[in-house]
Number of protein chains: 2
Amino acid sequence: MHHSFMDSGRQTPRPALETGTHDVGRRIRLLREEHGISLSELARRAGIGKATLSGLENGFRNPTLETLWAITAELGVPLASLLAADTTSVIRGTAVEGVLLQVFEDESVTYELYRLVIPAGSTQVSPAHHEGVTEHMTIFAGVLNAGPVNAPLLAGAGEHITWRSDVPHIYATVGDEDVQASLLIRYPRP
Amino acid sequence: MHHSFMDSGRQTPRPALETGTHDVGRRIRLLREEHGISLSELARRAGIGKATLSGLENGFRNPTLETLWAITAELGVPLASLLAADTTSVIRGTAVEGVLLQVFEDESVTYELYRLVIPAGSTQVSPAHHEGVTEHMTIFAGVLNAGPVNAPLLAGAGEHITWRSDVPHIYATVGDEDVQASLLIRYPRP
DNA sequence: GATGACCGTTCCATATACGGAACGATCCGT
DNA sequence: ACGGATCGTTCCGTATATGGAACGGTCATC
């Protein structure tokens, strides 16, 4: 944004509302640049205004679902991928038995992949973790109730659940079958 | 503001725009009912208008990101879960059937997390991916022989294998049990 | 050093998403 | 039967997200 000095007499650019809006904008800009197309070009192809896209990428707009759909459709990514990164957390409970299979250290993020076995009948609560951490579980056997303590999600064999771990979260088996699952924890670096 | 003259008397209820809006509304209503709270109550807690929520649940509105965040925060679910239908895509090779559970886009790398089911007795060969791509499988049931075609690795339930997929690679079941596994593919960006 | 094509940003009138209030319906307790 | 509470919907003025049209900047080609 090399627009000279300070752009005096103009309409007040609305201050970016929440951090989330910034993140979505940043991700759109990244994706667009990966595709190697200009802002004008993407706006044209997606059938939206350049002003809209510009404001959105810079975090000054609060876009409409329709707008986001138009953009993601053109970029060929699921809309959810724009919202993927959030959350916090930490680890490790005691009732849950986990084996660390692999750690991925990348520039701005670390992933840890675990294989979990949770004995039938057990419940474990983990405290809130750092902001930005997310947990992603895939259930292969049994039924698990997991997620934020005030709104856990239920998943059976073959299902997948995701939550932000910046609030206390719980793992509780349901039924009398041991739960077998994989857990991927994502730690963005500040 | 400049609300013009030709603003005819009535405000016609806008026809629901796309199917996607309907789906999001339906999912919100379902989640709300699961929580056992009324529309009025949710609107109050989330700090949005009843009119907004009503119109949204019925598919007559094109909500703003801000509005969606307020609602999902109150319901305790990630916003992406409202768009779940867009996230799941199925890949199907000759033998392997996989559901894409999640995509992580980070600065210099992308991860894709799949859940796989490979019917007993099947074999599939996949062509090489770009250089630097690696695959990481966790086996939950059955026995799998997978990896580079000239040096595949054997893994049974509870085991984990990793290989570089910049060469042709193979997936072959061993024994007569279906293989259940999770597959994490890591794509570094050039 | 023009000219023209394109870029990203900003200005602005218009369209529309927003919340507050009014509404009829339902369900109490009295 | 009657208030009063709460429900979901609709009405409507206001706030704001939108796209089109400037605008200034950069980069070619002449």
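Chain identifiers are assigned alphabetically (A, B, ...) following the order of the sequence lines, protein sequences preceding nucleic acid strands; residue numbering begins at 1 within each chain. The figures here come from the full heavy-atom set of this structure, side chains too, leaving out hydrogens, waters and symmetry mates. Computed from a prediction, not measured in an experiment: that's the story for all the values here.
- The phosphate of C:dC18 (OP1 or OP2) has a side-chain N or O of B:T67 nearer than 4.0 angstrom.
- By the salt bridge (Lys or Arg N to Asp or Glu O under 4.0 Å) test, A:E57 pairs with A:R29, A:R32, sequence neighbours left out.
- What separates NZ of A:K50 from C1' of C:dT9 is a distance of 9 Å, to the nearest Å.
- Using a 4.0 Å heavy-atom criterion, one finds that B:I48 contacts the sugar-phosphate atoms exclusively.
- Distances shorter than 4.0 Å separate none of the side-chain N or O atoms of B:R61 from OP1 or OP2 on C:dT16.
- Protein atom CG of A:L39 is 13 Å distant from nucleotide atom C1' of C:dT10, rounded to whole Å.
- Look at A:S54 and you won't find any side-chain N or O under 4.0 angstrom from OP1 or OP2 of C:dG8.
- The side chain of B:R32 places no N or O atom within less than 4.0 Å of a non-bridging phosphate oxygen (OP1 or OP2) of D:dC7.
- We find that CG of B:L53 is positioned 12 Å from C1' of C:dG19, with the value rounded to whole Å.
- Look at CG on A:L56: it is 14 Å from C1' on C:dG8, rounded to the nearest Å.
- When rounded to the nearest whole Å, the span between CD1 of A:I71 and P of D:dA17 equals 14 Å.
- Under the 4.5 Å side-chain criterion, counting only non-hydrogen atoms from C-beta, B:N145 is not in contact with B:T173.
- For the pair B:L42 CG and D:dC7 C1', the interatomic distance rounds to 14 Å; values are reported in whole Å.
- Contact check, A:T52 against D:dG19: a side-chain N or O comes under 4.0 Å of OP1 or OP2.
- The shortest distance between the side-chain N/O atoms of B:S40 and the OP1/OP2 oxygens of D:dG8 is below 4.0 Å.
- Counting non-hydrogen atoms under 4.0 angstrom, A:T64 reaches the backbone sugars and phosphates but no base.
- Shortest non-hydrogen contact noted between B:S165 and B:H169 is CB-CE1, 3.6 Å.
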Pair up each side-chain donor or acceptor in residues 45-55 of chain B with any protein partner under 3.5 Å, not counting sequence neighbours, and list the distances.
residue : atom : partner : partner atom : Å
B:R45   : NE   : B:E41   : OE2          : 2.9
B:R45   : NH2  : B:E41   : OE2          : 3.3

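- The side chain of A:R44 places an N or O atom within less than 4.0 Å of a non-bridging phosphate oxygen (OP1 or OP2) of C:dC7.
- Using a 3.5 Å distance cut-off with no hydrogens or angles, the side chains of B:E135 and B:Y114 do not pair a donor with an acceptor.
- For the pair A:I28 CD1 and C:dG8 P, the interatomic distance rounds to 14 Å; values are reported in whole Å.
- Between A:N58 atom CG and C:dC7 atom P there is a gap of 17 Å when expressed in whole angstrom units.
- With C:dG19, D:dT9, D:dG20 as the candidates, the nucleotide lying closest to the side chain of A:A51 is D:dG20.
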